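On a predicted model such as this, the values are computed, not experimentally measured, just so you know. Proteins get letters first, then strands, A, B, ... in listed order; numbering begins at 1 in each. Keep in mind that the numbers below use all heavy atoms, side chains included, and drop hydrogens, waters and symmetry copies.
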Amino acid sequence: MALKLYNTLTRQKAEFVPIEPSNVRMYVCGPTVYDYAHIGNARPVIVFDVLFRLLRHIYGPDHVTYVRNITDVDDKINARAARDYPGLQLNEAIRKVTETTEKQFHSDIAALGVLPPTYEPRATEFIRRQDGREDMVSLIDTLVRRGHAYVAENHVLFDVESMPDYGRLSNRTLEEMEAGARVEVAPYKKGPMDFVLWKPSKPGEPAWPSPSGILVPGRPGWHIECSAMAGALLGPVFDIHGGGIDLTFPHHENEIAQSRCAHGTAAMANVWMHNGFLQVEGEKMSKSLGNFVTINELLKEWPGECIRFAMLSTHYRQPINWTEKALGEARRTLDHWYELTEGLPGDGPMCADVLQALEDDLNTPQAFAALHELRSEAAKGSIGAARCLKASAQLLGLLQLERAAWLSWRPSAMNLDEARVASLIDARLAARRAKDFKESDRIRDELAGMGIALKDRKNKETGEIETTWEVAR
RNA sequence: GGCCACGUGGCGGAGUGGUUACGUAGCGGACUGCAAAUCCGCGUACCCCGGUUCAAUUCCGGGCGUGGCCUCCA
């Protein structure tokens, strides 16, 4: 079966046909590095990591190019830098904010089992380049030269009237947008929907020599960076562009406008993919509601693979409701999968049903159903099913650890004396052997009070009772 | 106000014009000193109102509800 993907441009699922099967090219909008990434940021990162893995599986690991950018020039970054490092010069403070945030982002998503993309360009590296690659300034100059952009009061603005099918991605016409507009329009704009490609910098703010004959230094608008980085690293037309659904308008619409008008192409990317929005315990995630969940905090309470599993248990285009309960279910399932696949090589055969589910627009819930089926067969003793389970789960970025490493995971707040746990378990087993059940139950209760749940099992060969334990939930 | 999604069993969550999703919780059983874990078995759900159809949860229309975008929030 061929890979099918839902395309926001056509509002349909269609067979994916790469421009060059020897080099499948994908771009995904990455984070703006000014604060801890939250669980909503994690969704596209995980979802498109699964797509990256699937494409590598289908076309070969060397035949997929994946670009996910880092946005390190932005007003929010400037504001955060001024707030957190009032003593430093702004540019120095900005560098501190972006460097530490980027480092944190990388360690957070690595814990979620996310592969590094092929390229991870920073926006500031593509404002002006010396190597002849496309950059933001050259893109803006081209847009002005071709009559798609104009200079006004030291800004460069994109002229949306110059693009006849502006609005196709978000499926709205200029009239509709203007009718609903609630924004005050800057007086220097020719059209109310025109957007900023370049703007002047205030003294002390990050600044670069401006394009288009503007004499004062400035900085880029938000959308132009993705056009420049995608153009430089993937070419004027590439296969897949991904991101959160909230970016459809205006960000992606404007990326398309810039890239197509600068390159004179009919498309920027052939397939546009958008993941659905995330809510937390049934409510919108927001700082004021106090339910703002960062990846970093979550990783203190849950193993990364749990978070990944929970994220993938909803289809990527559906809205997802992020709950503790789902994380608990994910952990139990993974416990079981790890137990059944312990010590097996990861190069087993791929489950056809898992692959088929993923090839149907990344239907991860259906893939999980197939994995549950394998789990059931593996539990009955099928080594083949267990090997298949491991290989197939690994395609999803799960079961990446040794079982011992999985079992040794602890919540960061848990301060356990593991030697004491082990001696209590031994004492309990001794009490049991002596049929002193009162004492053995007392020890079990004591351990439960420490947050430890026990599991007894009879060793089939020796007939002895063996006890394992885990962190209770 | 304009545009766009979504609404499935207690909960999570796929899918389909007529036939079992799956998981989890719950219930029954096996096992166990008792639990937990594990294994076996059990659920007959698809927001409301019309329409199309032999047949609709699935298609069409309307309504209600929730959410997103239109404010450089993934």
Once you apply a heavy-atom cut-off of 4.0 Å, does [X] come out as touching a base, just sugar-phosphate, or nothing?
| X | value |
| --- | --- |
| A:R43 | nothing |
| A:R375 | sugar-phosphate |
| A:L454 | base |
| A:T323 | nothing |
| A:F249 | sugar-phosphate |
| A:K435 | nothing |

Looking only at side-chain atoms of [X], point me to the closest of [options].
| X | options | answer |
| --- | --- | --- |
| A:R428 | B:A35, B:A37, B:A14 | B:A35 |
| A:K458 | B:U32, B:G15, B:A36 | B:U32 |
| A:Q318 | B:A14, B:U24, B:A74 | B:A14 |
| A:K325 | B:A74, B:C3, B:C11 | B:C11 |
| A:N171 | B:C72, B:C4, B:C22 | B:C4 |
| A:D441 | B:A35, B:A14, B:G33 | B:G33 |

Set of residues satisfying side-chain contact (heavy atoms from CB on, under 4.5 Å) with respect to A:E439, sequence neighbours excluded: A:A431, A:D436, A:R442, A:I443
B:C34 base / A:K438 side chain donor-acceptor hit below 3.5 Å: no
Polar pair under 3.5 Å, donor/acceptor by atom type, side chain A:R317, base B:C6: no
Pair A:F48 + A:Y66: ring centers closer than 6.0 Å: no
Near-ring test A:W272/A:H252, centroid separation under 6.0 angstrom: yes
Canonical and wobble pairing (Watson-Crick, G-U, under 3.5 Å) of RNA chain B, dot-bracket with |: (((((((..(((.....[...))).(((((.......)))))....(((((..]....))))))))))))....
Separation of B:C6 P from A:I245 CD1 (nearest whole Å): 9 Å
A:F277 over B:G68, stacked by centroid distance under 5.5 Å, angle under 30°: no
Residue-phosphate contact under 4.0 Å: A:N254 side-chain N/O, B:C72 OP1/OP2: no
